Amino acid sequence: MAISLSFIPSLSLPQPPSLSRNATVPRRWLSSIRCGPRDNRGPLLKGRILSSEAIQSIQSLKRAHRTGSISLSLPPLRRLLKADLLAVIRELLRQDHCTLAVHVLSTLRSEYPPLDLTLYADVVNALARNGEREEIDRLIGEMEGIEGGYENDKALAKLIRAVMGAERRESAMRIYAMMRDGGWGSESWEADEYVAEVLSKGLRRLGEQDLAAQVASTQRGRIRT
């Protein structure tokens, strides 16, 4: 039996919409989400500034400080490299965690002598900025009996300026005593003129006229007594 093709229904498939040249494609705008602390200090920076070990140490110190177990964080700190300890201290100072910075500084002082007077000056400035001026006297007092680190006149002058700026008379007199005990102003350690000037003016401003006159009497690298 012959079947006529005219009885087969035609199937029409849906055609995709055609785009004209003038048609506009809707754009999707993506909003960026930035994560960070709620203050203006900026996030912890990993890489050239802070290593993973340094970041973990800072976070551990903060947790220990909140729970009152700060002494337990000393052993892990001793495993850090000197560069990491320095980075931890500077980051804590940047965030105004001065107590924690002083805590790490004690580890740096014991593990990697001699003293870094430039770093001490930065800590003194941070303590003064945060109103912890009595801690400055305690910090300078811990330097007594420690040999080495005073030979850098530029760093020494920076520390003296920081102490004088904080108006810590006790610390200023203590630094001068340590300098004299170390031979400052003698043939073995000639007195730098700029250090003598900064120290003399600072002592005079703090009311120590006799000591200021003694320092100012520097001549040919020696202090007259």
Side-chain angles (χ1 to χ4, degrees), residues 49 82-83 85-94 96 98 101-225:
I49 299 179
K82 181 179 181 180
L85 284 173
L86 289 170
V88 169
I89 293 173
R90 297 195 183 282
E91 178 62 24
L92 290 172
L93 293 178
R94 187 181 73 88
D96 290 334
C98 299
V102 172
H103 178 76
V104 182
L105 183 61
S106 64
T107 302
L108 178 69
R109 182 177 62 236
S110 61
E111 296 296 322
Y112 299 99
L115 297 174
D116 185 347
L117 297 188
T118 299
L119 184 60
Y120 268 78
D122 293 338
V123 175
V124 169
N125 287 327
L127 289 170
R129 184 175 65 250
N130 287 273
E132 302 179 40
R133 299 180 184 275
E134 293 183 359
E135 291 296 325
I136 297 175
D137 296 334
R138 185 176 294 107
L139 178 67
I140 299 301
E142 294 176 352
M143 296 171 58
E144 290 184 330
I146 302 177
E147 298 181 357
Y150 301 94
E151 297 80 8
N152 189 328
D153 291 324
K154 184 177 180 180
L156 180 58
K158 183 176 180 180
L159 176 61
I160 294 173
R161 288 199 309 269
V163 171
M164 297 303 181
E167 298 181 349
R168 303 311 299 175
R169 174 178 171 272
E170 178 183 342
S171 294
M173 295 177 62
R174 187 168 289 173
I175 289 176
Y176 178 53
M178 288 187 289
M179 291 166 57
R180 291 298 304 272
D181 293 341
W184 189 77
S186 63
E187 292 182 353
S188 60
W189 184 9
E190 292 187 357
D192 180 76
E193 292 184 5
Y194 179 66
V195 172
E197 180 182 358
V198 172
L199 183 59
S200 176
K201 289 183 177 179
L203 289 171
R204 187 175 295 108
R205 189 171 67 250
L206 295 177
E208 294 295 329
Q209 305 296 332
D210 293 339
L211 286 180
Q214 187 181 75
V215 174
S217 65
T218 305
Q219 183 178 7
R220 294 180 181 178
R222 297 185 182 182
I223 295 182
R224 295 178 179 178
T225 57

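Note that the structure is a prediction, hence the values are computed from the model and not measured. All residue numbers refer to positions in the sequence shown, counting from 1.
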Going by side chain to side chain contact (heavy atoms under 4.5 Å, CB included), name the residues that satisfy it together with [X], two or more places apart in sequence or in a different chain.
{"X": "Lys82", "value": "Leu86, Leu108, Tyr112"}
{"X": "Arg205", "value": "Met164"}
{"X": "Ala162", "value": "Ala121, Val124, Asn125"}
{"X": "Glu151", "value": "none"}

Enumerate the salt bridge (charged side-chain N to carboxylate O under 4.0 Å, His left out) contacts for residues 164-173, please, sequence neighbours excluded, ordered by first and then second residue.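 Matches after skipping sequence neighbours: Asp137-Arg168, Arg169-Glu208, Glu170-Arg174.
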
Pairs involving residues 106-125, ordered by first then second residue, that meet salt bridge (charged side-chain N to carboxylate O under 4.0 Å, His left out) (sequence neighbours left out):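 Qualifying pairs, neighbours excluded: Arg78-Glu111, Arg90-Asp122, Arg109-Glu142, Asp122-Lys158.
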
Roughly how far apart are [X] [atom1] and [Y] [atom2], rounded to 0.5 Å?
{"X": "Leu127", "Y": "Tyr120", "atom1": "CG", "atom2": "OH", "result": "11.5 Å"}
{"X": "Met178", "Y": "Ile146", "atom1": "CE", "atom2": "CD1", "result": "8.5 Å"}
{"X": "Leu203", "Y": "Lys201", "atom1": "CG", "atom2": "NZ", "result": "13.0 Å"}
{"X": "Glu193", "Y": "Asp153", "atom1": "CD", "atom2": "CG", "result": "11.0 Å"}

Please name the pair of heavy atoms, one in [X] and one in [Y], separated by the smallest distance, quoted to 0.1 Å.
{"X": "Ala126", "Y": "Leu93", "value": "CB-CD2, 3.7 Å"}
{"X": "Ile136", "Y": "Ala166", "value": "CD1-CB, 3.6 Å"}
{"X": "Ala212", "Y": "Ser200", "value": "O-OG, 3.0 Å"}
{"X": "Leu119", "Y": "Leu105", "value": "CD2-CD1, 3.7 Å"}
{"X": "Met179", "Y": "Trp189", "value": "O-CZ3, 3.8 Å"}
{"X": "Ser171", "Y": "Val163", "value": "CB-CG1, 3.6 Å"}

Which residues satisfy the salt bridge (charged side-chain N to carboxylate O under 4.0 Å, His left out) test with Arg204, sequence neighbours excluded?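 Partners of Arg204 by the salt bridge (charged side-chain N to carboxylate O under 4.0 Å, His left out) criterion come out as none, since no residue qualifies.
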
If the condition is salt bridge (charged side-chain N to carboxylate O under 4.0 Å, His left out), which residues does Glu134 pass it with, not counting sequence neighbours?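 If we apply the salt bridge (charged side-chain N to carboxylate O under 4.0 Å, His left out) test to Glu134, skipping adjacent residues, there are no hits.
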
Student check: side-chain heavy atoms of [X] and [Y] closer than 4.5 Å:
{"X": "Leu159", "Y": "Met143", "value": "yes"}
{"X": "Leu92", "Y": "His103", "value": "no"}
{"X": "Leu211", "Y": "Met173", "value": "yes"}

Plane angle bin for Tyr176 and Trp184 - parallel if under 30°, tilted between 30 and 60°, otherwise perpendicular: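 If you compare the ring of Trp184 with that of Tyr176, the planes turn out perpendicular.
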
By side-chain hydrogen bond (donor to acceptor under 3.5 Å, both in side chains) - contacts of [X] (at least two apart):
{"X": "Glu132", "answer": "none"}
{"X": "Arg133", "answer": "none"}
{"X": "Asp181", "answer": "none"}

For a side chain to side chain contact (heavy atoms under 4.5 Å, CB included) check, start with the C-alpha distance between Leu156 and Asn152, then their side-chain angles and the critical distance, and finish with the verdict. CA-CA 6 Å; Leu156 180 58; Asn152 189 328; over 6 Å; no

